[in-house]
Protein chains: 2
Amino acid sequence: MTREEAAVSPRRRNAAETRAAILQSAVAAFTEHGYDGVGVREIAGAAGVTAMLVNRYFGSKEQLFAEAVDVSFAPRTVVSGTAATFTSNAASRLVARSAAHAEDLDPFLLMLRSAGNPRAAEIIRDGIQRHVRKDLVSLLKGGNAAERAELMLSVIAGLWLMRKVIGTPALVDADPADLARHVSRILEGIAGGLTAPAQAE
Amino acid sequence: MTREEAAVSPRRRNAAETRAAILQSAVAAFTEHGYDGVGVREIAGAAGVTAMLVNRYFGSKEQLFAEAVDVSFAPRTVVSGTAATFTSNAASRLVARSAAHAEDLDPFLLMLRSAGNPRAAEIIRDGIQRHVRKDLVSLLKGGNAAERAELMLSVIAGLWLMRKVIGTPALVDADPADLARHVSRILEGIAGGLTAPAQAE
DNA sequence: GTCTATAGAAAGATAGAC
DNA sequence: GTCTATCTTTCTATAGAC
């Protein structure tokens, strides 16, 4: 406080911190309200700054969203563990995290609540390509790994949607263990065999 | 048609026809762009009227959306046929209708592109309760029919999302027969046995 | 029954002071 | 580096003419 103009006034921050605060606020806001459901004023306000800084540091709302998607999808939240255990792990964690009371931030929620906007959908598609899909494909043996990986993502996204975004009652009130068993069964069916169209007919 | 003031001026319509035209336009617009992605001006314009008539006949955009959801979910598009065949039927139709070139109107698309708006999500949840879920539950034998019905809806919605709204490439380019086989397998797994938690542990 | 015109709010983005 | 103030557009909804 006694040195040049680096004195610490209560609001003074450096650019990197402010940028990070805006980005963090954007992830939370886009996850909770979706791309069209939140304005740059709200995001800026929650970060303790004004709306102008959002465009100063990110250029536009769209570019801010792109960065928010990137940091949201970067950690490996869906695919964790080894190939042998990741289906049941993923199912349990999915059910736990999508529970009614859980207020976790999750990239699937961000996706589901922003997918209605076509530009947001493109950005999300690219984010999935660059992050989670690659990890999922590497875990899958057999043919059509990419198709099966995306099919697994479909199942996961669908449960998030109905349970947490739409909120259909039977899924909200379902017994977690029972639901996790169902989902695990489905994911195993996709991850395991049945890639060869041999016995199909 | 040649009676009284029912004379046909090029633009003259009666109230019922205008209302129906607006509603039809609303279903198409909400399905294509989502609740937040379209304005009453566009909906009215596509119906050949002005925005004012939307509120005149429906009260508000929200009430218009509620009616659009109702007519969109009313026909039994997902559950058709008998209990024995509806899983494979549903899978084939789902894959066909969600193909990249297909420009069908579908209630799942309306749901997915509007789910980000919390009021829209509530309206959709009610629409599902009143229409498709009931039909699905009646087809399912065994315990937890409601949970399993909603789980099936989750799977269907998830595929619609990734294939048509987000547009992940492997799902877009997937062989329809192969994809339908996977989905049918999943739906059968939910519809068929495995309801009893007997062998779970 | 349908229109034009507009009110009133909120959005994204920018100019310029300090 | 961050602010206040404003521009411009777009939105839902309403008032009042014909």
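Convention: sequence-line order gives letters A, B, ...; per-chain numbering from 1. As the structure is a prediction and not an experimental result, all values here were calculated from the model.
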Please report, rounded to the nearest Å, how far the [atom2] atom of [N] is from the [atom1] atom of [X].
X: Asp36(A); N: dC11(D); atom1: CG; atom2: P; value: 11 Å
X: Glu42(A); N: dA11(C); atom1: CD; atom2: C1'; value: 11 Å
X: Asn117(A); N: dA11(C); atom1: CG; atom2: C1'; value: 14 Å
X: Ile43(B); N: dC11(D); atom1: CD1; atom2: C1'; value: 12 Å

For [X], what residues pass the side chain to side chain contact (heavy atoms under 4.5 Å, CB included) criterion, not counting sequence neighbours?
X: Ser184(B); result: Ser88(B), Ala91(B), Glu188(B)
X: Ala29(B); result: Val38(B), Ile43(B)
X: Ala177(A); result: Asp175(A), Arg181(A)

(message) Side chains of Met162(B) and Ile128(A), heavy atoms from C-beta outward: is any pair under 4.5 Å?
(response) yes

(message) Would you call the rings of Tyr35(A) and Phe65(A) parallel, tilted or perpendicular, taking 30° and 60° as the class edges?
(response) perpendicular

(message) Near DNA chain D, counting only heavy atoms under 4.0 Å, which residues of residues 20-32 of chain B show up?
(response) none

(request) For Asp126(B), enumerate each residue passing the side-chain hydrogen bond (donor to acceptor under 3.5 Å, both in side chains) test, keeping only those at least two apart in sequence or located in another chain. (result) none

(message) If you only use heavy atoms from C-beta on, which nucleotide in dT4(C), dT4(D), dG1(C) is closest to the side chain of Ala15(B)?
(response) dG1(C)

(message) Under 4.0 Å, heavy atoms only, any strand: does Tyr57(A) hit a base, just the sugar-phosphate, or nothing?
(response) sugar-phosphate

Could you go over nucleotides 12-15 of chain C and give all protein N or O partners under 3.5 Å, atom names and distances?
residue	atom	partner	partner atom	Å
dG12(C)	OP1	Lys61(A)	NZ	2.8
dG12(C)	OP2	Val40(A)	N	2.9
dG12(C)	N7	Arg41(A)	NH1	3.0
dG12(C)	O6	Arg41(A)	NH2	2.9
dA13(C)	OP2	Asn55(A)	OD1	3.4
dA13(C)	OP2	Lys61(A)	N	2.9

(message) Going by salt bridge (charged side-chain N to carboxylate O under 4.0 Å, His left out), Asp106(A) matches just one of Arg97(A), Lys164(A), Arg113(A). Which one?
(response) Arg97(A)

(request) Step through the shown structure and confirm whether more than 12 heavy atoms of other residues, nucleotides or ligands are within 6.0 Å of CD on Gln24(A). (result) no

(message) dT4(D), OP1 or OP2 - any side-chain N/O from Thr50(A) closer than 4.0 Å?
(response) no

